[in-house]
Number of protein chains: 2
Amino acid sequence: MKDPGEAHEAMPAEPTQARRFGKTRVAQASALLEDYAELIADLIASGGEARPTDIARRLGVSHATAIKTIARLKREGLATSRPYRGVFLTAAGEALAARVKARHLLVVALLQAVGVPGEAAEQDAEGIEHHVSDVTLAAFSAFLKRREG
Amino acid sequence: MKDPGEAHEAMPAEPTQARRFGKTRVAQASALLEDYAELIADLIASGGEARPTDIARRLGVSHATAIKTIARLKREGLATSRPYRGVFLTAAGEALAARVKARHLLVVALLQAVGVPGEAAEQDAEGIEHHVSDVTLAAFSAFLKRREG
DNA sequence: CATCGATTGTAGCCAAGGCTACACTTTGGA
DNA sequence: TCCAAAGTGTAGCCTTGGCTACAATCGATG
Ligand SMILES: [Mn+2]
Ligand SMILES: [Mn+2]
Ligand SMILES: [Mn+2]
Ligand SMILES: [Mn+2]
């Protein structure tokens with residue numbers, strides 16, 4: 001009588017499905033912050049600084065939009081910035097960026113491993129990555145290890 | 001001298017990356033409509049009708065939210081409804097629902113095929129599906145065919 | 001056939017994430 | 001040195017997608 005999870009068909013599907021959709025909504029809410037963190041880390045690593053205009057250009061949005069999102073990053077404790085200086089990541093922001101970058105790479109690798117062509121893999125990974133849970137990520141990693149070495 | 005896509009490193013990364021992020025934003029914009037269409041088709045198939053309250057319950061949102069999104073579905077020509085009657089899909093809505101359902105199933109199958117446990121596959125697929133392009137979907141299909149039969 | 005509970009619809013609020021327009025710094029080149 | 005272009009910031013607008021509160025309708029049951 002254990003395992004209330006998978007077993008019988010009798011339980012109403014509603015609560016399970018509602019929970020899934022809810023988690024998807026939550027995941028979506030952090031997607032943009034994740035991309036910003038990853039991108040800011042990237043810009044700093046490659047050029048020493050992350051300027052609002054560079055961020056905006058890379059994301060394909062207006063600089064006003066970028067600045068507003070940077071304000072949200074600051075509100076959430078992920079970044080710091082002072083007027084007319086660049087944007088910097090807090091420790092939390094750097095941790096997020098590192099996690100997100102690793103995940104991004106793994107998702108692209110997994111897609112390519114199952115036969116998705118390069119540019120499609122890069123394109124789709126940009127959205128997919130934000131919905132890959134730790135459990136799924138671990139499975140991806142195991143799959144790649146198993147088949148590549 | 002062909003293939004301006006992948007080759008050398010020299011081109012600026014900006015426009016490519018901006019295009020990717022832009023496409024991801026576009027994909028995200030249709031995600032909710034896709035889920036509604038799939039769910040409405042499901043409710044009609046299983047119970048004969050799709051009522052706003054049922055839709056809301058399955059999605060885990062308030063009925064007011066569901067009704068507002070149903071209004072958007074109607075605006076976009078995907079559904080019809082008259083006061084106090086259920087919601088119905090137009091031909092376009094049904095086509096979308098069918099496409100989305102097939103894609104959902106394929107994404108779940110692919111995830112499980114690479115070793116993602118059942119519930120994680122179902123959970124993550126709910127978000128991932130909206131970012132899987134036709135090219136990627138074809139690759140998933142080919143991968144599954146190759147390894148299962 | 002009246003009424004009460006469930007369903008449906010409406011109004012108004014909020015935050016996120018886009019945008020344009022305009023104002024203010026910064027900074028490099030003449 | 002100074003001044004114009006580039007970058008930065010602010011204001012105000014829009015849509016989407018959440019919510020609660022309240023009003024209206026429907027329908028089952030006494
Ligand atoms: Mn991304
Ligand atoms: Mn990414
Ligand atoms: Mn979905
Ligand atoms: Mn789905």
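Proteins come first, then strands; the chains are lettered A, B, ... in the order of their sequence lines, and each starts at number 1.
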Who are the side-chain hydrogen bond (donor to acceptor under 3.5 Å, both in side chains) partners of [X], not counting sequence neighbours?
X: Glu129(B); value: His104(B)
X: Ser81(B); value: Lys74(B)
X: Glu34(A); value: Arg103(A), His130(A)

For Gln28(A) and dG18(C), what is the distance between atoms CD and P respectively, to the nearest whole Å?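 After rounding, the reported distance stands at 10 Å.
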Can you measure Arg72(A) atom CZ to dA16(C) atom P for me and round it to whole angstrom units?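 The answer, rounded to whole Å, is 5 Å.
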Taking side-chain contact (heavy atoms from CB on, under 4.5 Å) as the definition, give me every residue that meets it alongside Glu49(A), ordered by chain and number, with sequence neighbours left out.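 Here the qualifying residues are Arg51(A).
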Can you list the residues that meet the side-chain contact (heavy atoms from CB on, under 4.5 Å) rule with Thr53(B), with sequence neighbours excluded?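 side-chain contact (heavy atoms from CB on, under 4.5 Å) list for Thr53(B), sorted by chain: Arg57(B).
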Hey, could you give me each pair passing salt bridge (Lys or Arg N to Asp or Glu O under 4.0 Å) that has a residue in residues 105-115 of chain B? Not counting sequence neighbours.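 Passing the test, one end in residues 105-115 of chain B: no pairs.
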Map Lys68(B) and Leu33(A) onto DNA chain C by nearest heavy atom, then report which one ends up closer to the 5' terminus.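 Result: Lys68(B).
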Among all residues two or more places apart in sequence or in another chain, which pass the ring-ring contact (aromatic ring centres under 6.0 Å, His included) test with His131(B)?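 With neighbours one apart ignored, the set is His131(A).
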For DNA chain D, note the earliest and the latest nucleotide, 5' to 3', having some atom under 4.0 Å of a heavy atom belonging to chain A.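 It runs dG7(D) to dG18(D).
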Do Thr136(B) side-chain atoms and Val132(B) backbone N/O form a donor-acceptor pair below 3.5 Å?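 Here the side-chain-to-backbone pair does not exist.
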Selection from dG18(C), dT10(C), dT25(C) that lies nearest to any side-chain heavy atom of Leu32(A):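 Of the options given, the side chain of Leu32(A) lies nearest dG18(C).
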Looking across every strand, which nucleic acid part, if any, lies under 4.0 Å from Arg75(A) by heavy atom: base, sugar-phosphate, or nothing?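 Counting heavy atoms under 4.0 Å across all strands, the contact made by Arg75(A) is with sugar-phosphate only.
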Strand contacts (DNA chain C) in residues 45-65 of chain B, 4.0 angstrom heavy-atom criterion: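 By residue number: Arg51(B), Pro52(B), Thr53(B), His63(B), Ala64(B).
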